[in-house]
A.B. asks: 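This is the structure I have questions about; it appears just below.
Here the structure is a predicted model, which is why all the values come from computation and not from measurement.
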Amino acid sequence: MKLQTLVEKATQSTDITVAVAAAEDEEVIEAVTMAVNHQFGRFLLYGDRDKITELLKNYPTNDNVQIVHANSVAEAAELAVKAVHSNEANVLMKGNLPTATILKAVLHKEYGLRTGNVLSHVAVFEVPNYDRYMIVTDAAMNIAPDLEQKMQIIANAVTVAKAIGIETPKVAPLAAVEVVNPAMAATIDAAALTMMNERGQLKGCIVNGPLALDNAVSELAAAHKGIANEVAGKADILLVPNIESGNILYKSLVYFANAKVGAVIAGAKAPIVLTSRADSAESKLYSLALAVCSASK
């Protein structure tokens with residue numbers, strides 16, 4: 001499965017508008033230009049008008065790009081979030097500003113994008129020589145989620161998975177071992193999530209765990225350990241137990257496996273593209289495509 005497929009799917013969503021907070025960044029402008037050339041939809045660029053205009057001189061755009069001046073990155077975040085809140089835009093994208101600044105606007109009581117659900121990071125990887133997308137959650141938002149939060153993190157990831165064409169995603173709650181160990185909280189939560197899924201409390205997916213990483217993604221590894229269920233070796237979604245393990249897995253896939261990735265924050269009123277300022281324009285394009293596909297579901 002190629003992330004380019006998401007780019008092609010996003011081109012079918014011509015009625016989507018993306019609000020970009022603090023767009024005065026070359027990688028952001030390059031990604032926006034690539035998205036415009038792929039006909040993703042409209043883009044509202046909030047930030048310093050002069051700086052954005054100067055950056056745009058190096059990239060071909062069209063009438064689908066509009067600049068809205070803001071006097072500070074905080075104001076840019078506020079205006080972009082308000083645009084999504086008022087349905088002027090369908091997707092929010094972080095530009096050249098601190099994550100804390102845009103999240104402050106997202107969580108604002110009056111004009112923010114909270115829905116009452118947990119916000120969580122959903123990353124979709126294209127791993128070389130792997131036969132399907134690999135979805136990892138949550139590697140960036142929730143530090144040490146409890147059982148209730150893990151339920152919502154799974155629900156968010158399932159929504160994203162369905163938006164990219166995985167009808168009944170298989171979810172593996174990860175741990176260091178495949179058996180329940182009272183001394184390892186991750187295994188207890190994994191078993192509880194499995195039972196909740198069996199009893200209809202977690203819908204639209206198949207959950208089975210605890211599973212170690214090898215037994216979640218490799219049918220051969222699962223067979224060696226005698227693990228036979230619908231998820232073992234065939235997982236679509238990897239639920240990590242905490243942010244440290246998620247962050248390490250995420251960066252290992254990027255830096256050791258040369259995986260490509262697109263990611264969104266799910267659980268808000270609209271998908272949020274919350275990429276790192278160090279991410280390439282290509283990665284930002286994939287994240288935009290994922291967000292557009294999620295907004296069009």
A.B. asks: Looking at side-chain heavy atoms only, is the closest gap between Met134 and Leu238 below 4.5 Å?
C.D. replies: yes
A.B. asks: Drop me the distance from Ile16's CD1 to Asn64's CG, to the nearest 0.5 angstrom.
C.D. replies: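 Reported value, rounded in 0.5 Å steps: 12.5 Å.
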A.B. asks: Is there a donor-acceptor contact under 3.5 Å linking the side chains of Asn156 and Ser120?
C.D. replies: yes
A.B. asks: Nearest heavy-atom pair of Ala222 and Gly233: which atoms, and what distance?
C.D. replies: CB-N, 4.4 Å
A.B. asks: Side chains of Glu88 and Ser86: any donor to acceptor distance under 3.5 Å?
C.D. replies: yes
A.B. asks: Lys170 side chain to Lys234 main-chain N or O, any donor-acceptor pair under 3.5 Å?
C.D. replies: no
A.B. asks: Does the Asn96 side chain pair with the main chain of Ala22, one donor and one acceptor, at a distance under 3.5 Å?
C.D. replies: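 No; judged by distance alone, with no hydrogens or angles, the pair does not exist.
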A.B. asks: State, to 0.1 Å, how close Ala268 and Thr115 come at their nearest heavy-atom pair, and which atoms those are.
C.D. replies: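 So the two residues come closest at C-CG2, 3.6 Å.
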A.B. asks: What is the distance from atom CG of Leu97 to atom NZ of Lys104, rounded to the nearest 0.5 Å?
C.D. replies: 12.5 Å
A.B. asks: Please tell me if the side chains of Phe43 and Val91 come closer than 4.5 Å, counting only heavy atoms from C-beta onward.
C.D. replies: no
A.B. asks: Does a side-chain heavy-atom distance below 4.5 Å link Ile237 with Ile154?
C.D. replies: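 In short, these two side chains do not touch, never coming nearer than 4.5 Å.
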A.B. asks: Would you kindly say whether Glu26 and Tyr59 are connected by a side-chain donor-acceptor distance under 3.5 Å?
C.D. replies: yes
A.B. asks: Examine Val160 and Val136 and state if one hydrophobic cluster contains both, with Ile, Leu, Val, Met, Phe, Trp and Tyr joined whenever side-chain heavy atoms are less than 4.5 Å apart.
C.D. replies: no
A.B. asks: Is any side-chain heavy atom of Lys284 less than 4.5 Å from a side-chain heavy atom of Tyr286?
C.D. replies: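 Heavy-atom side-chain distance check fails, nothing below 4.5 Å.
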A.B. asks: Among side-chain atoms of Asn197 and Thr194, is any donor-acceptor pair under 3.5 angstrom?
C.D. replies: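 No pair is found: no donor N or O on one side chain lies under 3.5 Å from an acceptor on the other.
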A.B. asks: Could you tell me which non-hydrogen atom of Thr99 sits nearest to which non-hydrogen atom of Lys94, and how far apart they are?
C.D. replies: OG1-CE, 3.2 Å
A.B. asks: Side chain to side chain contact (heavy atoms under 4.5 Å, CB included) for Ile153 and Leu239? Distances and angles first, verdict last.
C.D. replies: CA-CA 8 Å; Ile153 290 169; Leu239 174 71; 3.7 Å; yes
A.B. asks: Check whether any side-chain heavy atom of Asp48 sits under 4.5 Å from a side-chain heavy atom of Asn71, and report yes or no.
C.D. replies: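 Asp48 does not reach Asn71 side chain to side chain.
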A.B. asks: Can Thr33 and Glu30 be said to form a side chain to side chain contact (heavy atoms under 4.5 Å, CB included), step by step?
C.D. replies: CA-CA 5 Å; Thr33 303; Glu30 185 179 352; 5.7 Å; no
A.B. asks: Any chance you could measure Phe125, atom CZ, to Tyr130, atom OH, to the nearest 0.5 Å?
C.D. replies: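 So the CZ of Phe125 and the OH of Tyr130 are separated by 12.5 Å.
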A.B. asks: Please verify the inter-ring angle class for Tyr111 with His108; under 30° counts as parallel, over 60° as perpendicular, anything in between as tilted.
C.D. replies: parallel
A.B. asks: Of all the heavy-atom pairs spanning Gly267 and Asn117, show the shortest one and how long it is.
C.D. replies: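 That would be O-CB, 3.8 Å.
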A.B. asks: What are the two closest heavy atoms between Leu79 and His69, and how far apart are they?
C.D. replies: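 For Leu79 and His69, the tightest heavy-atom pair comes out as CD1-O, 4.0 Å.
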A.B. asks: Between Met151 and Met195, is there a shared hydrophobic cluster once you connect ILVMFWY residues whose side-chain heavy atoms come closer than 4.5 Å?
C.D. replies: no
A.B. asks: Taking Gln152 for its side chain and Val118 for its backbone only, find out whether a donor-acceptor pair lies under 3.5 Å.
C.D. replies: yes
A.B. asks: Would a distance-only check, ignoring hydrogens and angles, find a side-chain to backbone donor-acceptor pair under 3.5 Å from His38 to Met34?
C.D. replies: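 Here the side-chain-to-backbone pair exists.
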A.B. asks: Would one find more than 12 heavy atoms of other residues, nucleotides or ligands at under 6.0 Å from atom CG of Asn62?
C.D. replies: yes
A.B. asks: Has Thr137 got a side-chain atom pairing as donor or acceptor with Ala157's backbone, closer than 3.5 angstrom?
C.D. replies: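 Judged by distance alone, no pair lies under 3.5 Å.
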A.B. asks: Between Val231 and Leu213, is there shared hydrophobic-cluster membership here, with clusters defined by ILVMFWY side-chain heavy atoms closer than 4.5 Å?
C.D. replies: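 Each belongs to a different hydrophobic cluster.
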A.B. asks: Under a 4.0 Å threshold between the charged nitrogen and the carboxylate oxygen, would Glu54 count as salt-bridged to Lys51?
C.D. replies: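 Result for this pair is no, no salt bridge flagged.
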A.B. asks: Any side-chain heavy atom of Val127 sitting closer than 4.5 Å to one from Leu253?
C.D. replies: yes
A.B. asks: Test of understanding: clusters of I, L, V, M, F, W, Y form through side-chain heavy atoms closer than 4.5 Å, transitively. Do Leu202 and Ile206 belong to the same one?
C.D. replies: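 No, because Leu202 and Ile206 fall into different hydrophobic clusters, even though each may have its own neighbours under 4.5 Å.
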A.B. asks: Do side-chain atoms of Glu27 reach the backbone of Ser280 as a donor and acceptor pair under 3.5 angstrom?
C.D. replies: no
A.B. asks: Looking at Ala144, is its backbone amide N or carbonyl O close enough to the side chain of Asn142 to form a donor-acceptor pair, meaning the two atoms are under 3.5 Å apart?
C.D. replies: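 Checking the backbone N and O of Ala144 against the side chain of Asn142, no donor-acceptor pair under 3.5 Å is found.
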A.B. asks: How many angstroms lie between atom SG of Cys293 and atom CD1 of Ile164, to the nearest 0.5 angstrom?
C.D. replies: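 So the SG of Cys293 and the CD1 of Ile164 are separated by 8.0 Å.
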A.B. asks: Do you know which of Asn87, Leu92, Val106 makes side chain to side chain contact (heavy atoms under 4.5 Å, CB included) with Lys269?
C.D. replies: Asn87
A.B. asks: Supply the atom-to-atom distance Glu198 CD to Asn208 CG, rounded to the nearest 0.5 angstrom.
C.D. replies: 7.0 Å
A.B. asks: Nearest 0.5 Å, what's the CD1-CD1 distance between Ile243 and Ile143?
C.D. replies: 6.0 Å
A.B. asks: Do you know the tightest heavy-atom contact between Ala176 and Ala212?
C.D. replies: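 Nearest pair, atom of Ala176 first, then Ala212: O-CB, 4.0 Å.
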A.B. asks: Cluster question for you: counting only ILVMFWY and a side-chain heavy-atom cut-off of under 4.5 Å, with indirect links fine, are Val254 and Met141 together?
C.D. replies: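 Shared cluster, no.
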A.B. asks: Could you check whether any side-chain heavy atom of Val20 comes within less than 4.5 Å of a side-chain heavy atom of Leu44, counting everything from C-beta outward?
C.D. replies: no
A.B. asks: Below 4.5 Å, heavy atoms only, C-beta onward: do Val207 and Pro173 meet side chain to side chain?
C.D. replies: yes
A.B. asks: Using side chain to side chain contact (heavy atoms under 4.5 Å, CB included), reason through Val261 and Tyr250 one step at a time and then give a plain yes or no.
C.D. replies: CA-CA 9 Å; Val261 62; Tyr250 183 108; 3.7 Å; yes
A.B. asks: Within the side chain of Arg42, is there an N or O that forms a donor-acceptor pair under 3.5 Å with the backbone of Asp63?
C.D. replies: no
A.B. asks: Backbone N or O of Pro210 within a donor-acceptor pair of the Thr187 side chain at under 3.5 Å?
C.D. replies: no
A.B. asks: Start with the C-alpha distance between Val124 and Leu3, add both sets of side-chain angles, then the distance that settles side chain to side chain contact (heavy atoms under 4.5 Å, CB included), and finish with yes or no.
C.D. replies: CA-CA 8 Å; Val124 180; Leu3 287 175; 4.1 Å; yes
A.B. asks: Please determine whether a side-chain nitrogen of the Lys or Arg among Lys82 and Glu78 lies less than 4.0 Å from a carboxylate oxygen of the Asp or Glu.
C.D. replies: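 Between Glu78 and Lys82 there is a salt bridge, with a charged N closer than 4.0 Å to a carboxylate O.
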A.B. asks: Assess, by modelled atom type and distance only, whether the side chains of Asn215 and Glu178 contain a donor and an acceptor separated by less than 3.5 Å.
C.D. replies: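 There is such a pair (donor and acceptor under 3.5 Å, judged by atom type) between the side chains of Asn215 and Glu178.
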A.B. asks: Is Glu230 atom CD crowded by more than 12 heavy atoms from other residues, nucleotides or ligands, each under 6.0 Å away?
C.D. replies: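 For Glu230, atom CD is not crowded (no more than 12 foreign heavy atoms under 6.0 Å).
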